[in-house]
Protein chains: 2
Amino acid sequence: MARQDDILELETFLPYRLYHLADLVSREFARVYKDRHGLTRPEWRTLSGLGQCGAMTAKALGEQSAMHKTKVSRAVAELERRRWLTRSPDEKDRRVEHLALTKAGLAAYRDMVPLAKAFERELLARINELDRGALTVALDAVEAALSFTPPDADNEGVAAGDDGRRRVRQG
Amino acid sequence: MARQDDILELETFLPYRLYHLADLVSREFARVYKDRHGLTRPEWRTLSGLGQCGAMTAKALGEQSAMHKTKVSRAVAELERRRWLTRSPDEKDRRVEHLALTKAGLAAYRDMVPLAKAFERELLARINELDRGALTVALDAVEAALSFTPPDADNEGVAAGDDGRRRVRQG
DNA sequence: CCATAATGGTTACATCCGTAACTATCGAAA
DNA sequence: TTTCGATAGTTACGGATGTAACCATTATGG
């Protein structure tokens, strides 16, 4: 029974497997926002974050959508160049800028939301009810397991403050 | 009950969530092979693939470890530079090279295996038995769901020929 | 009030990555 | 045998990324 102990089976190695799956899914979804609007992933996340939350600071955006601050900075710069968002200075603290989508930005967001939901729906549709439940449980569990491991600060590795269990939208 | 339908909740959006988790895990594990041997991910996968399978061609390596052929090419070049692997021409087909680890490469591999296993073990240890089961089921299910979607060929998106269900090593 | 540290955000640089184009070889068909 | 298309692998090039250094501003502590 004892598995060979000096060999690692890459195909079943959790970090590899998880990354590979995520990469496939993410790459496939990237086609949607790339083909449609020529967005990079950080740009898509920025659009999505602002669409969801309204005005935010760059810092808040980075925390909400798990992006390194340089990614945020660049994504914001690009969306600003497109006139999809505007910055407005904070009255109290002049280091801070509040970001918000313009009409054009909002339009792009509104265009993307149904596509994103459809993508997720179609992916989940290929998984049966039971396994979908397992997926939710599993994601929650791994997330919880990671949040025990403070990933030596700074950012990008922020497990986003635990505000209770997350659910994969069903159906 | 009806969720707001013009807003996407990024934190629960499957592609985002999956990618973010995988990124955290992968990044954390990357510290192991990076700190220890200064390897990149493609280099680690190459080492791992060759350690696991013995001699392989670059093409087989790419399929086994889900890497684009340019990544394989570069990783192999670097490991060769370190004298961790050698190439030997195929007798029948002179386009093909067979790759194999040298003593030094094998030593590095043997050094990494226990670390990789320990990393996985410690991560899984933070997840209870039941959720671990759910994780296995979920990964299998998503993998299966993806293999329905032929990701327009070429490579990198190869869902590795389905040789039966995979299991996350338990314990 | 001043010095120092912390914070929000940007930028420079080196590296990594994917697309596409390339070389070399092989197989098949004429 | 010649030609043409596929295949193994490399490379050139532009774009994306992370680290670290940076600027400006604000908080802290004497």
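Worth knowing before you read on, the calculation uses all heavy atoms, side chains too, and leaves out hydrogens, waters and symmetry mates.
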Atom-to-atom span, CG of A:Asp23 to C1' of C:dC16 - whole angstrom: 14 Å
4.5 Å side-chain heavy-atom contact, B:Asp140 and A:Asp131: no
Distance, rounded to the nearest Å, where A:Glu43 contributes CD and D:dA16 contributes P: 7 Å
Sorted by number, the residues of residues 50-61 of chain B with heavy-atom contact under 4.0 Å to DNA chain D: B:Thr57, B:Ala58, B:Lys59
Bend angle of the helix from C:dC1-D:dG30 to C:dA30-D:dT1, from helix axes over five pairs at each end, nearest 10°: 10°
Members of residues 82-95 of chain B that approach DNA chain C, where some heavy atom sits under 4.0 Å away: B:Lys92, B:Asp93, B:Arg94, B:Arg95
Value in whole Å for how far the P atom of C:dG8 lies from NE2 of A:His68: 13 Å
A:Arg27 (side chain) and C:dG18 (base): donor-acceptor pair under 3.5 Å: no
Whether A:Arg132 side chain and A:Leu124 backbone form a donor-acceptor pair below 3.5 Å: yes
Side chain to side chain contact (heavy atoms under 4.5 Å, CB included) between B:Leu61 and B:Leu99, worked out: CA-CA 9 Å; B:Leu61 230 175; B:Leu99 310 165; 4.0 Å; yes
Residue among B:Lys59, B:Arg45, B:Gln52 satisfying side-chain hydrogen bond (donor to acceptor under 3.5 Å, both in side chains) with B:Gln64: B:Gln52
Parallel, tilted or perpendicular: rings of A:Phe29 and A:Phe119 (30°, 60°): tilted
Gap between atom CG of B:Leu115 and atom CD of B:Glu120 - 0.5 Å precision: 13.0 Å
Rounded interatomic separation in angstrom, taking CZ from A:Arg41 and P from D:dA16: 12 Å
Salt-bridge present (B:Arg82, B:Glu78; N to O < 4.0 Å): yes
Integer-rounded Å distance: D:dA16 P and A:Trp44 CH2: 18 Å
Within-4.5 Å side-chain heavy-atom neighbours: A:Glu80 and A:Leu85: yes
Rounded interatomic separation in angstrom, taking CG from A:Leu39 and P from D:dG15: 16 Å
Parallel, tilted or perpendicular: ring planes of B:Trp44 versus B:Tyr33, cut at 30 and 60 degrees: parallel
Spacing of A:Glu78 atom CD relative to C:dG9 atom P, expressed in whole Å: 19 Å
side-chain N/O A:Lys71 vs D:dG18 OP1/OP2, d < 4.0 Å: yes
Nucleotide of C:dT10, D:dA8, D:dA16 approaching A:Thr40 most closely (side-chain heavy atoms): D:dA16
Interatomic distance, B:Glu97 CD vs C:dC26 P [rounded to whole Å]: 13 Å
Exam field: side chain B:Ser73 to backbone B:Lys69, donor-acceptor pair closer than 3.5 Å: no
Donor-acceptor under 3.5 Å (A:Thr57 side chain, A:Val96 main chain): no
